[in-house]
Peer 1: 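Take a look at the following structure, please.
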Amino acid sequence: MVSFRRTLGLIIVLIIIAGIVSYITILQRMPGQEVGRVASPTQLTGMVTYTTPYITYTSPRAPPTPYTSKEELRVAIGTDLDTLDPHDQTTNLVENVIMHVCDRLFDRDVNGNLVPMLATGLDISSDGLVYTIYLRKNVRFHNGEILTADTVKLNFDRIFNASAKKRLSAYLPNIQSYRVVNESVFEIRLSRPFAPFALSLSLVYIIAREAIERYSDQVPRDPGALICTGPFIIVEWIKGTRVVLERFNGYWGGFIPLKRIIFYIIPEESTREAMLLAGDVDLVFWPSLASLQRLNQTQGVKVIQYPTYRYVMLHFNLDYPAFQDKRVRQALNYAIDKEAIVSKIFYNTATLVKSPWQIGMFGYKDIGYYKYDPEKARQLLSEAGFTLGPDGVLTHTVYGKLSIKMVHMKGRFPGDVELAQAIQGYLRNIGISVELVTGDWPWYINTIYSSPSDKAKNGYYLFQRSWGPSVPDPYYTVFFLYSCKMWVGPDGMAHEGVNLTSAGRNIGYYCNREFENLLDQYIVEPSPSKRQGLADAMARILWDDAPAVFLFQLNIFVAAKSNLEDLVFVPGEQIYLAKAYFR
Amino acid sequence: MSRSTWQRHISGDSLTGLWVYVIKRLILAVPTIIGAATLIFFLVRVLPGDPVHLLAGEQTSPEVIARLRAEFGLDKPIYEQYLLYLRSVFMLDFGISYRTYTPVIVEIMSRFPNTLILTASSMAIAIAIGLSLGVLASLRVGGIVDRAILVFTSIYVSMPVFWLGLILIYIFSINLRILPAGGIGSPAHLVLPSLALSHTPLSYIARITRSSMIEAFSQDHFRFAIARGIPRRNAILNHALRNSMINIVTVIGYFTGVLLGGAVVTETVFAWPGVGRLLIESIAARDYIMVQGIVIFITIVFVLVNLVVDIIYRLIDPRVRL
């Protein structure tokens with residue numbers, strides 16, 4: 001009997017020891033977190049929309065008034081960082097953290113214009129080939145280094161390292177050479193004029209000489225190696241748990257109200273919301289759409305949103321003969337009630353767009369609106385030769401039945417599945433039969449970038465798409481999505497005599513020579529006013545030609561404690577927190 | 001079991017036999033691990049999705065795509081990738097994550113203590129409450145307590161863990177505000193995920209304890225013990241429960257293995273950074289190397305847990321021959 005009891009005891013002791021050992025391990029790595037408190041939700045508050053122009057670095061700021069002594073901001077985000085490398089990342093989430101630690105050469109204002117950051121000025125030669133960058137003086141890195149043109153050159157060397165080109169290099173095309181002119185002047189020479197290049201400079205983060213020369217390989221994963229000039233320093237990064245930033249007191253940009261920002265990694269949106277309501281965090285990114293109204297009515301909580309550059313649309317695959325008829329494409333634009341979708345599915349967290357590119361981009365103008373008009377859609381389809389069959393589906397003597405498959409993603413942005421279902425319903429309403437083909441993001445990417453023959457074999461002729469460029473120049477939308485040079489497929493494969501590229505993003509094989517000529521001129525035109533004219537002409541062609549069903553721009557939305565002020569929204573789906581404070 | 005019996009079973013010749021058995025089992029685990037490694041290597045590649053496209057981002061250049069493909073070895077023929085992978089498995093080198101540029105084993109070991117502590121606390125709750133409920137129900141078969149426990153365990157095990165987790169958060173974090181809703185960092189953070197995660201093993205342990213105990217009560221040795229005048233409490237604990245332990249330990253071992261492999265849903269709901277969440281994140285990013293490493297790691301954990309369970313069988317029941 002004794003031994004049996006011992007055995008049972010042994011099991012329990014083993015479990016307890018394992019628990020204690022692991023717990024001690026965790027405790028040593030993670031300081032405790034207090035359980036917070038908030039007031040009970042009773043009072044209604046209105047939806048707040050931020051219109052604050054974002055980051056500007058003109059002069060040091062004074063402390064805001066009124067201003068509380070609470071200096072720690074706790075933020076719940078959905079996904080952990082995969083890398084810390086500012087030169088080799090592509091996700092908005094990574095940038096959301098990195099932008100508080102590192103500065104870029106230039107920033108952008110709310111209209112997409114360049115504004116000074118680490119550089120105070122930019123000269124572009126009249127032939128559009130030479131970019132001279134004037135650096136801010138007396139800017140110190142976290143390690144005390146002073147910013148010089150030499151350091152900037154080292155950063156460019158790192159980005160364009162021949163054996164390991166960083167992902168940022170894709171945004172800086174056509175660079176022929178670069179050189180240090182003097183301690184605070186850096187010059188870049190292009191091989192051919194490329195007008196969007198100036199805005200691309202707003203993506204170039206500068207890290208310290210020491211970070212490059214001593215720790216270059218460690219930058220992606222070691223916070224200590226990420227030495228920059230930004231207002232915060234990463235002091236702790238526990239994978240899957242949290243990232244802790246602390247204020248850099250030698251920051252060149254002036255007063256920073258917060259002493260510490262903690263980003264908690266909370267993948268489940270309901271848990272993020274619960275943490276806000278329980279007082280565990282002060283700000284949550286992307287609460288669920290369905291909860292926005294409830295959160296907005298909770299005392300002590302506010303919901304804030306701001307348009308991003310992410311454009312949601314439906315792309316036509318022009319390999320489908322019926323979609324080669326412009327009237328059919330226009331009909332689909334008229335058939336979908338975008339306003340109802342924005343209101344009922346997206347709870348007004350999306351913004352209608354009346355141009356082929358996004359609000360806030362260079363050259364944006366409202367040029368038209370495919371207002372919901374199912375009668376007009378039916379009329380256009382009738383003019384195109386479609387008649388309603390006995391099964392209620394449109395048929396054509398040449399194209400056959402208008403029955404298609406629509407590829408869409410699941411889990412990429414809130415409401416993506418519901419959007420696809422709504423579209424299916426609207427199109428059925430005018431006699432188009434749509435079968436939805438759903439998949440997660442990796443499947444979706446694989447599918448839309450597959451070869452034209454694979455798409456045809458599977459019958460994939462309509463694609464739900466969301467496109468969020470990092471640079472606010474229409475080039476980064478219309479070139480990638482609609483240029484004949486960007487037809488996508490396996491490298492080396494040709495389609496209708498055009499060589500495909502795996503880096504291409506024109507998934508519908510749209511090609512309009514008139515638009516292409518204008519785009520070619522737009523890319524090399526240095527004069528902003530002439531570029532504006534060319535942009536207008538491009539927009540009109542695309543809008544009329546309708547290579548896609550143009551839907552809306554998504555807003556970024558967050559829920560925050562109502563006394564949290566000065567959140568600065570960046571249209572690239574980030575929020576700059578270095579100005580935030582608690583009222 | 002007397003003290004001398006106990007000593008006989010864990011020392012001397014028998015102890016040598018135990019070590020031989022352990023070594024034999026570990027050797028036999030090698031083909032299991034290679035099988036799992038091979039299976040997962042091809043399974044992740046069958047999944048639609050190209051890690052390079054995901055990592056390069058949508059606005060990229062052919063040069064960047066080519067660099068990433070070469071960096072990850074994905075430009076090599078599949079058989080060559082497989083052979084290189086097998087070689088690295090033999091050398092216990094799980095590789096570098098595509099996504100985080102960190103050695104896979106470092107990533108796993110940064111998460112595994114979290115999984116271990118969650119498993120330990122969940123199983124402790126499940127064993128303590130499950131055993132008690134099972135014994136209690138078996139002592140009151142057909143009575144109101146027995147029926148109440150049966151109904152409770154049936155309902156409890158039927159609750160989806162996702163739903164249960166959110167209900168716990170709603171009650172204890174939002175309404176009562178006594179426990180944090182998610183995250184990690186203090187003993188309080190462990191309570192809700194442990195409660196949620198323990199619900200299935202707890203119910204199974206309670207039910208298996210009840211049925212095993214009822215069966216033990218009808219055995220001759222138990223009746224004989226009572227007839228000998230052994231106090232009922234001692235007879236229940238040392239005769240009935242002890243004889244039921246083989247079944248109970250089997251259930252405990254199974255659930256321990258499952259939980260150590262990561263509890264994806266619980267870890268997601270409570271933002272608990274364990275191995276399960278890492279696996280899901282890696283699958284979503286098509287981080288082949290990481291997925292392969294985690295699956296091999298989970299296989300090894302399962303093999304070890306089963307081995308421990310078998311050794312415990314032996315300690316509980318001397319008739320078991322290893």
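Lettering of chains follows the sequences in order, A, B, ..., and the numbering in each one begins at 1. The structure displayed is predicted, hence computed values, not measured ones.
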Peer 1: What closest approach, in Å, do A:S502 and B:H53 show between heavy atoms, and which atom pair accounts for it?
Peer 2: O-CE1, 3.2 Å
Peer 1: Of the non-hydrogen atoms in B:S61 and A:A170, which two are nearest, and what is the gap between them?
Peer 2: N-CB, 3.7 Å
Peer 1: Non-hydrogen atoms of chain A under 4.5 Å away: do they reach the side chain of B:E58, the backbone, both or neither?
Peer 2: both
Peer 1: Quick one: what part of A:P469 sits under 4.5 Å from any heavy atom of chain B, side chain, backbone, both or neither?
Peer 2: both
Peer 1: Compare all side-chain heavy atoms of A:I265 with those of B:P273 and state whether any distance is below 4.5 angstrom.
Peer 2: no
Peer 1: Could you measure the distance from the OG1 atom of B:T60 to the OH atom of A:Y171? Nearest 0.5 Å is fine.
Peer 2: 7.5 Å
Peer 1: B:T102: which residues meet the side-chain contact (heavy atoms from CB on, under 4.5 Å) condition with it, sequence neighbours left out?
Peer 2: A:R221, A:K239, B:T100, B:V106, B:E107
Peer 1: Evaluate the salt bridge (Lys or Arg N to Asp or Glu O under 4.0 Å) criterion for residues A:D88 and B:R67: first the C-alpha distance (whole Å), next the side-chain angles of each, then the deciding distance (0.1 Å), finally the verdict.
Peer 2: CA-CA 12 Å; A:D88 206 26; B:R67 171 213 133 192; 3.0 Å; yes
Peer 1: Is A:I445 in contact with chain B via its backbone, its side chain, both, or neither, using a 4.5 Å heavy-atom distance?
Peer 2: side chain
Peer 1: Closest heavy-atom contact between A:D280 and B:P180?
Peer 2: OD2-CA, 3.5 Å
Peer 1: Pick whichever of B:A66, B:S97, B:A271 has the most heavy-atom pairs under 4.5 Å with chain A.
Peer 2: B:A271
Peer 1: A:S466: which residues meet the side-chain hydrogen bond (donor to acceptor under 3.5 Å, both in side chains) condition with it, sequence neighbours left out?
Peer 2: A:R310
Peer 1: Determine whether the side chains of A:Q218 and B:Y101 contain a donor N or O and an acceptor N or O closer than 3.5 Å.
Peer 2: no
Peer 1: Does A:R167 reach the main-chain N or O of B:L55 with its side chain, forming a donor-acceptor pair under 3.5 Å?
Peer 2: yes
Peer 1: Quick check on A:R505 against chain B: is it the side chain, the backbone, both or neither that has a heavy atom closer than 4.5 Å?
Peer 2: side chain
Peer 1: Among B:D50, B:I65, B:L47, B:L68, which residue forms the greatest number of heavy-atom pairs with chain A at distances under 4.5 Å?
Peer 2: B:I65
Peer 1: Heavy-atom distance under 4.5 Å to chain A: side chain of B:F162, backbone, both or neither?
Peer 2: side chain
Peer 1: So which of A:K166, A:R272, A:E268 has the biggest tally of heavy-atom pairs under 4.5 Å with chain B?
Peer 2: A:E268
Peer 1: Sequence neighbours excluded, which residues qualify as side-chain hydrogen bond (donor to acceptor under 3.5 Å, both in side chains) partners of A:Y444?
Peer 2: none
Peer 1: Check each atom of A:D217 against the heavy atoms of chain B and say whether the ones under 4.5 Å are side chain, backbone, both or neither.
Peer 2: neither
Peer 1: Is the shortest heavy-atom distance from the side chain of A:T271 to the side chain of B:I169 under 4.5 Å?
Peer 2: yes
Peer 1: Let me confirm one number: the CG-OH distance from A:L277 to B:Y170, rounded to the nearest 0.5 Å.
Peer 2: 10.0 Å
Peer 1: So if I take each residue of residues 274-288 of chain B and look for any heavy atom under 4.5 Å from a heavy atom in chain A, which residues do I end up with?
Peer 2: B:R277, B:A284, B:R286
Peer 1: State whether the side chain of B:R177 and the backbone N or O of A:A278 hold a donor-acceptor pair below 3.5 Å, judged by distance alone.
Peer 2: no
